[in-house]
Amino acid sequence: MNNRTKFTAMLFALSILSFTFCSLENVLAQTSTNSDTLESASEHLLTLFDNSHYNRPIYANYTILNLTLLFQSPEINSSSHVYVHYSHNMVNWTSLELPKTDHLTRYSAFYVITLGPFLYDCEYFIKFNATQGSTELASGYLRILVEKVEGIIFVDFSYRVKTQSDNSQLADISIIVLGADIKLGSVYVASDQQLEGEGPVKMNLDPDTNHTYKATIGPINSWNDFIKLSFNASTSDDTLFTNTNYFIYKEKTNQPEGFWTSKFPAILIGVIVMGAMTTIFVMAKRRPPRRV
């Protein structure tokens, strides 16, 4: 290849590289420009971003509903406000202003509101809107069905598996028991993995709450990883209500080892190694005895 051909090839390669860098620069510039999509838009959007009880029952005089709204508007940093209004009869309304929690972009932000507990077991109407002065910028609607507790129900189950100093595993259990007529001392929990002859474990009402019952079961070391539970409670006329929908899954627990089983062997080995190295060093420094 002669010099002219080499020079032509180099110019072609430089042209390709220049085109590539220019294209990449244009893409980055466009991406940066479009990061705030409502910078010049006149449209205002208010949408329901999250509903804590979507497809979950809402019970009268108990459930707390959390709603997160997403407001997108070029007026979001001015005098705009976001409200929620709710009513069970569309006559008497309760209105609440939502605090701004976090900016998603320059022209969009989240607003969070907590509603409840609701007094009536019926359909509630919820309207949320964004306003600026007397002008409504955007709005949306939601309907929820608030249910009455029939008999006794068991909700919001939680547990924690813990390991004692003697390596025995126990499970702390907590559950909400709702009902207008719960017989005192009638809430129990049991498992099909309990030893023969062991009865259900009584659950006690947490004194700081109105509905939370707690108990500890175990030891469960020999039980299977999947532990099915059965909760029972009775009304004052001894009508029994049972729930078998909850379970415990035993994950591996890390039990801290004691000093004599964890740290002491390592210290002992370290002392032996250091002693051996010191002996070798001293022996190496010793001079051979002089000959008489």
Side-chain angles (χ1 to χ4, degrees), residues 48 50-68 114-124 142-164 168-253:
L48 179 61
D50 186 46
N51 179 353
S52 64
H53 281 70
Y54 177 74
N55 281 342
R56 292 175 56 194
I58 300 174
Y59 295 108
N61 296 305
Y62 171 69
T63 301
I64 300 296
L65 182 66
N66 296 311
L67 301 177
T68 301
T114 298
L115 304 178
F118 302 94
L119 300 179
Y120 308 100
D121 53 295
C122 61
E123 188 176 46
Y124 273 76
L142 176 68
R143 290 185 177 186
I144 60 172
L145 180 62
V146 180
E147 303 178 19
K148 180 181 179 180
V149 176
E150 299 289 347
I152 298 175
I153 61 174
F154 304 83
V155 296
D156 296 339
F157 165 71
S158 63
Y159 69 92
R160 180 175 70 94
V161 176
K162 60 184 181 182
T163 303
Q164 304 293 89
S168 62
Q169 287 182 329
L170 303 176
D172 290 333
I173 295 173
S174 175
I175 196 167
I176 303 295
V177 184
L178 301 178
D181 181 21
I182 302 175
K183 186 177 181 179
L184 183 64
S186 69
V187 181
Y188 285 85
V189 60
S191 171
D192 55 1
Q193 297 189 49
Q194 289 177 274
L195 297 177
E196 186 176 354
E198 289 186 354
V201 177
K202 183 179 179 180
M203 303 193 72
N204 297 310
L205 180 64
D206 187 333
D208 296 328
T209 69
N210 296 323
H211 309 289
T212 304
Y213 286 79
K214 295 183 176 181
T216 299
I217 61 173
I220 60 176
N221 299 60
S222 60
W223 295 12
N224 296 330
D225 291 343
F226 182 84
I227 303 171
K228 190 174 182 180
L229 299 176
S230 175
F231 291 94
N232 302 309
S234 301
T235 58
S236 58
D237 61 357
D238 291 329
T239 302
L240 181 65
F241 289 84
T242 301
N243 186 297
T244 59
N245 296 330
Y246 300 111
F247 63 89
I248 290 174
Y249 182 76
K250 283 172 36 180
E251 297 180 354
K252 293 183 179 179
T253 56

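These numbers come from a predicted model, not from an experiment. Below, all heavy atoms of this structure are taken into account, side chains as well, without hydrogens, waters or symmetry copies.
- Shortest non-hydrogen contact noted between N51 and L48 is CB-CD2, 4.4 Å.
- With rounding to the nearest 0.5 angstrom, the CG atom of D156 is 8.5 Å from the OG1 atom of T212.
- Considering CD1 of I248 and CG of N224, their distance stands at 12.5 Å, rounded to 0.5 Å.
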Can I217 and L229 be said to form a side-chain contact (heavy atoms from CB on, under 4.5 Å), step by step?
CA-CA 11 Å; I217 61 173; L229 299 176; 4.1 Å; yes
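- Applying the side-chain hydrogen bond (donor to acceptor under 3.5 Å, both in side chains) test to pairs two or more places apart or on separate chains, none has a residue in residues 187-198.
- Remark: side-chain polar atoms of Y159 are not paired, donor with acceptor, to backbone N or O of F247 under 3.5 angstrom.
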Evaluate side-chain contact (heavy atoms from CB on, under 4.5 Å) for E147 paired with D121, printing each intermediate quantity in order.
CA-CA 5 Å; E147 303 178 19; D121 53 295; 5.8 Å; no
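- Rounding to the nearest 0.5 Å places CG of N66 at 8.0 Å from NE2 of H53.
- The heavy-atom pair separating F154 from V177 by the smallest distance is CD2-CG2, 3.8 Å.
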Going through the distances and angles, do F231 and N245 end up as a side-chain contact (heavy atoms from CB on, under 4.5 Å)?
CA-CA 9 Å; F231 291 94; N245 296 330; over 6 Å; no
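- For the atom pair CG of D225 and CD1 of I227, the computed distance is 8.0 Å after rounding to the nearest 0.5 Å.
- The structure places CD1 of I173 at 5.5 Å from CZ of F157, a figure rounded to the nearest 0.5 Å.
- Every pair passing side-chain hydrogen bond (donor to acceptor under 3.5 Å, both in side chains) that includes a residue from residues 213-222 is listed here, sequence neighbours excluded: D172-T216, D206-K214.
- Atom CD1 of I153 sits about 4.5 Å away from atom CG of L178, to the nearest 0.5 Å.
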Residues 54-61, side-chain donor-acceptor partners within the protein, below 3.5 Å, at least two apart:
from : atom 1 : to  : atom 2 : distance (Å)
R56  : NH1    : S52 : O      : 3.1

Intermediate values then yes/no, side-chain contact (heavy atoms from CB on, under 4.5 Å), V201 and M203:
CA-CA 6 Å; V201 177; M203 303 193 72; 5.9 Å; no
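- Counting non-hydrogen atoms of other residues, nucleotides and ligands closer than 6.0 Å to CG of L145 gives a total above 12.
- Using a 4.5 Å cut-off on side-chain heavy atoms (C-beta onward), I64 and P117 make contact.
- Although no hydrogens or angles enter the test, the distance criterion places a donor-acceptor pair under 3.5 Å between the side chain of K250 and the main chain of I220.
- Of the possible donor and acceptor atoms, one in the side chain of D181 sits under 3.5 Å from a partner among the backbone N and O of S236.
- Contact record, V155 with I175: O-CG1, 3.4 Å, taken as the closest heavy-atom pair.
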